[in-house]
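Side-chain atoms are counted along with the backbone in the values below, which use heavy atoms only and exclude waters and symmetry mates. Below, chains carry the letters A, B, ... as their sequence lines are ordered, and counting in each starts from 1.
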Protein chains: 2
Amino acid sequence: MTLFILSPLQEEKMAQCLHQAGLRKTMPRLALAHLLFAAKTTPRHVTAESLFEEAKSANICVSQATIYNTLNQFRDAGLLREVVVDHNGGHYFDTNLEAHHHFYIEEEARLIDVPHTQVALGHLPPPPQGYALDSVDITLRIKSKT
Amino acid sequence: MTLFILSPLQEEKMAQCLHQAGLRKTMPRLALAHLLFAAKTTPRHVTAESLFEEAKSANICVSQATIYNTLNQFRDAGLLREVVVDHNGGHYFDTNLEAHHHFYIEEEARLIDVPHTQVALGHLPPPPQGYALDSVDITLRIKSKT
DNA sequence: GTACGTGCAAACGTTTTGCAGCGGG
DNA sequence: CCCGCTGCAAAACGTTTGCACGTAC
């Protein structure tokens, strides 16, 4: 059971969001969407695990399977972007949909957004015959100075 | 038991390689090193699974655990580089130690090297306070034109 | 001789799936 | 009313680990 209650206004906004993405307006999706997108000014980087914990803290009772399913659906629907930086620490999902890159701090398993305007890509090689460039992922791995 | 036999010359070369890396000259390591580095002109991108299959085909009988251990040791010793491109399909290890980037074809789970001389990076943002840039990974995701 | 490497199988953490029942449209 | 979503638990997957034995040095 979910103790977490959205205001009508919040629910309305999330419902639109889901509807646009072709997803039914179900309780877990509304609640998770709210967690993810409520403070849309700050980009968020969540893993399945971190979102699960966050949901529990907010008294949203959802199963792990639903977390995974929902994140994958949101990703497929274009509401989230998947970020691959490391094999240890799980998949990251990024609420920032704009073209951008990342600083990655392995020691802290933490991502920081880098607006793509701050990265000047001078020249890229042409893709091999028969292939077209899909996307460019730049990961700037950083370490704390000791 | 290993049916795979290295020529004295090959063995000598690999033995040097291992010794320099501070690793004992054991049979599985010699054999796997040979598989990985024999044709050093062509960079190789292997996963634990692909190397395991390759070893079996070459009548090298090693356990999976040894494949994983050996790959990790080679990586730690600087003989291989780990490449992160995707969460599905396992870790890639790259025999190309030089600074370079990758084309990645998700549909084929295939990597193609891009010499870093072919990528012109104009400008990068400064790392946050207290952090220093460690490495820059650029993945050019490409798709076959349909 | 001793510390390290190996094989085997079992453990591990993360993600997915099968199935019965609920709930949205 | 029907199809899709959910929860639960179990399976699947890639990787690591514990242990007894073997081997390089």
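- Qualifying side-chain hydrogen bond (donor to acceptor under 3.5 Å, both in side chains) partners for A:D76, counting only residues two or more places apart in sequence or in other chains: none.
- When rounded to the nearest whole Å, the span between NE2 of A:H19 and P of C:dG24 equals 15 Å.
- Here the side chain of B:N72 is nearest to one of D:dT16, D:dC25, C:dT16, namely D:dT16.
- Here the shortest heavy-atom pairing between B:A99 and B:H116 reads O-CB, 3.4 Å.
- In this structure, B:L23 atom CG and C:dA3 atom C1' are separated by 15 Å, rounded to whole Å.
- Across every non-hydrogen atom of A:Y104 and A:R110, the tightest pair is CD1-O, 3.3 Å.
- Between A:L30 atom CG and C:dG23 atom P there is a gap of 15 Å when expressed in whole angstrom units.
- In this structure, the CG atom of A:L18 is 14 Å from the C1' atom of D:dG4, given to the nearest Å.
- Scanning all heavy atoms of the two residues, the minimum distance from B:D94 to B:P43 falls at OD1-CB, 4.5 Å.
- A pairwise comparison of heavy atoms in B:L71 and B:L36 identifies CD2-CD1, 4.5 Å as the closest pair.
- Atom-to-atom, CZ of A:F52 to C1' of C:dT16 comes out at 15 Å; the value is rounded to the nearest Å.
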Contacts under 3.5 Å, N or O only, protein and nucleotides 6-12 of chain C:
unit_1, atom_1, unit_2, atom_2, d
C:dT6, OP1, B:T26, OG1, 2.7
C:dG7, OP1, B:C61, O, 3.4
C:dG7, OP2, B:S63, N, 3.4
C:dG7, OP2, B:S63, OG, 3.3
C:dG7, OP2, B:T66, OG1, 2.1

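- Between the NZ atom of B:K25 and the C1' atom of C:dC4 there is a distance of 16 Å, given to the nearest Å.
- Closest to the side chain of A:R24, out of C:dT14, C:dG24, C:dT15, is C:dG24.
- Using a 30° and 60° split on the angle between ring planes, B:H100 and B:H102 fall in the perpendicular class, above 60°.
- For D:dT15, the OP1/OP2 oxygens have a side-chain nitrogen or oxygen of B:H91 closer than 4.0 Å.
- Between A:E106 and A:D86 the shortest side-chain heavy-atom distance falls below 4.5 Å.
- A:Q64 has its CD atom 9 Å from the P atom of C:dT14, to the nearest Å.
- For the 3.5 Å distance criterion, the side chains of B:H45 and B:N96 fail to qualify, holding no donor opposite an acceptor.
- Axis angle across the helix from C:dG1-D:dC25 to C:dG25-D:dC1, with five pairs used at each end and values rounded to 10°: 30°.
- Contact between the side-chain N/O atoms of A:Y68 and the OP1/OP2 oxygens of C:dT16 is not found at any separation under 4.0 Å.
- Using a distance-only test at 3.5 Å, with no hydrogens or angles considered, a donor-acceptor pair links the side chain of A:T95 to the main chain of A:R44.
- With rounding to whole Å, A:E82 atom CD is found 16 Å from C:dT14 atom P.
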